[in-house]
Amino acid sequence: MTHGSRKTPIIRMYHVYKLYDSKSALSDISLEIEENEFLFVTGASGAGKTTLLKLLYFGESATNGQVIIDGVNLLRIPKHQIPFLRRKFGIIFQDYKLIPSKTVFENLALVLEAAGHKRKFVEKKVKSVLRIVGLEEKQGALPPSLSGGEQQRIAIARAVIGDPKIILADEPTGNLDSGSAEIIFDLLNRFHKDGSTIILATHDPELIHSINGRKIVLDKGQLISDHKIKEA
Amino acid sequence: MIRHFEKAVADIAANTFLNSITVITIAFSILIVSAFGLLMLNMSDFLNIWKSGIRVMVYLKENCNEQNRLKLEKAIRSVPGVSDLKWISKTEGLSRLKEQMKNQPSFLADLKDNPLPDAFEISLDPSHQHPDPISRIAAIVQKMERVDEVEYGQAWLGRFAGIIGLLQMAGYAFGGLFFMAGVFIVANTIRLVLYSKRDEIEIMRLIGATDGFISAPFFIQGSIQGAAGGLLGTGLLYLVFSFISLKVKGYEIVGPVSIRFFSPEILFGIIGSGVLAGLMGCYFSLRQFLKY
Ligand SMILES: Nc1ncnc2c1ncn2[C@@H]1O[C@H](COP(=O)(O)OP(=O)(O)O)[C@@H](O)[C@H]1O
Ligand SMILES: [Mg+2]
């Protein structure tokens with residue numbers, strides 16, 4: 001565990017506020033996240049979990065305060081740097097955000113193509129990631145023809161295919177049966193063991209068990225608790 | 001690059017109807033403008049041929065002796081714009097006339113006296129082969145001693161040149177207008193495609209695609225549309241041209257003059273302007289859509 005070491009945290013937030021119009025979604029959040037942490041962001045629906053994740057990858061910009069990712073202060077990030085910021089993240093969206101008109105293969109390949117990788121490499125990498133999530137045989141399928149659990153696994157495959165430093169997962173098991181949720185969770189654990197920093201937002205307390213991690217609780221946009229999880 | 005090209009081609013294939021409409025519209029714009037340009041080109045060809053044939057004839061009064069003639073010759077030579085001067089005696093004039101009319105010899109055979117005057121034939125500098133300088137030179141020569149009459153090119157030549165000038169201006173204006181129409185139509189097509197792909201583009205941005213990566217297939221698509229429109233438009237024009245030039249060859253009225261098509265350089269330029277219109281249309285749509 002790198003938690004507690006003197007290394008600069010990969011994510012730093014200082015006195016961050018987020019207003020939508022004049023409605024507060026997050027207020028005065030200060031938070032440091034070390035490399036290779038497994039952080040649960042919990043809280044009731046509407047507490048601000050999704051908003052917090054969005055501020056990290058610049059899906060939204062903070063109304064006030066500092067967000068610093070891997071040494072880059074998002075307050076001063078030039079527009080053309082945003083794609084490079086986003087490549088540090090692998091994001092598993094609550095609604096998957098797979099492109100329905102493209103095959104599974106194309107959806108995954110897009111991440112690597114956008115990063116300028118060669119075709120040979122792309123093909124190899126897509127195959128290997130599909131193998132990890134156990135959906136090799138689905139590479140020619142279109143996302144709408146897959147089950148929710150399968151789509152979520154494809155979403156995970158896409159999140160990790162670019163070897164990101166940080167994986168963000170927004171309610172990754174929210175809409176799934178417990179069997180599928182188990183598979184998803186095992187996958188995230190595996191990426192964590194391989195060295196990724198994982199930030200998982202969930203309103204489901206059931207999910208947080210048997211893991212060495214850290215849990216923060218949001219309530220109406222405020223950070224009300226932050227502690228280590230003891231192994232069960 | 002190959003990847004972007006494949007995407008562009010796939011996009012065009014996916015939207016055959018929209019893309020055909022775009023290409024056809026560009027083709028017709030180009031057809032109209034380049035047909036106009038081709039007409040200009042050939043009209044100014046004719047004009048140039050006529051111009052190079054412009055001679056100013058100076059007919060002398062009777063009984064002009066050698067000395068007076070040399071004096072006059074010197075005076076005419078000193079007029080600016082006169083490049084050469086040729087003496088045509090009445091005898092020579094008659095034999096020229098006979099040569100020209102050898103099909104109707106009887107007409108001249110009956111002549112007892114030579115009715116023709118002595119004359120000078122003035123050639124002009126190319127820079128003076130325009131209506132204004134010609135009439136100026138003619139007026140100067142007319143006032144000289146021993147000059148009976150000055151005769152020069154067709155008065156309509158001036159009007160013709162003027163009309164060509166006007167048409168040329170209109171041509172540029174038309175060209176500009178149709179170019180903008182091309183930009184507009186491509187911009188519109190691309191805007192529709194962008195709109196139908198807005199979710200896909202949003203996802204691409206979220207996974208770290210740059211605006212350049214997102215835009216490249218659209219620029220390729222726009223240039224393919226522009227190039228296809230250009231090829232189709234000039235191709236159609238060539239068909240029309242071939243048909244007309246066959247007809248023209250039938251009539252030998254134009255003598256050595258023949259009509260011609262655009263040179264490869266100009267064709268290249270026309271198709272290039274189609275591509276440019278395509279790229280500009282893309283640029284405007286993408287700039288608005290991606291806000292870069
Ligand atoms: N795009 C938005 N525009 C306006 N209000 C928003 C927007 N996104 C979220 N909110 C509001 O911000 C608050 C936090 O939302 P969110 O971060 O999605 O919560 P959570 O993910 O914890 O359910 C909610 O009150 C929500 O209604
Ligand atoms: Mg949420």
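Each chain gets a letter, A, B and so on, in the order its sequence line appears, and its residues count up from 1.
- Of all residues in residues 119-154 of chain A, those placing a non-hydrogen atom less than 4.5 angstrom from a non-hydrogen atom of chain B are R119(A), V122(A).
- With a 4.5 Å cut-off on non-hydrogen atoms, F84(A) touches chain B through its side chain but not through its backbone.
- Heavy atoms of L206(B) lying under 4.5 Å from chain A belong to its backbone as well as its side chain.
- In this structure, L290(B) CG and K79(A) NZ are separated by 7.5 Å, a value rounded to the nearest 0.5 Å.
- The closest donor-acceptor contact from the side chain of R87(A) to the backbone of I207(B) lies at 3.5 Å or more, if one exists at all.
- For F28(B), the CZ atom is loosely surrounded, since the number of other residues' heavy atoms within 6.0 Å does not exceed 12.
- In this view, F36(B) and F174(B) satisfy the ring-ring contact (aromatic ring centres under 6.0 Å, His included) rule, not counting sequence neighbours.
- Interface with chain B: from residues 90-115 of chain A, residues I91(A), F93(A), K97(A), L98(A), I99(A), S101(A), K102(A), L110(A), V111(A), E113(A), A114(A) qualify, criterion being any non-hydrogen pair under 4.5 Å.
- Scored by the ring-ring contact (aromatic ring centres under 6.0 Å, His included) test, F213(B) finds H4(B) as partners (sequence neighbours excluded).
- The number of heavy atoms from other shown groups lying within 6.0 Å of OH (Y14(A)) is above 12.
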TODO: Apply side-chain contact (heavy atoms from CB on, under 4.5 Å) to D211(B) and H80(A), showing your working.
DONE: CA-CA 8 Å; D211(B) 283 345; H80(A) 68 269; over 6 Å; no
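- No more than 12 heavy-atom neighbours from other residues, nucleotides or ligands sit within 6.0 angstrom of CZ on F184(B).
- A 6.0 Å sphere centred on OH of Y195(B) holds no more than 12 heavy atoms belonging to other residues, nucleotides or ligands.
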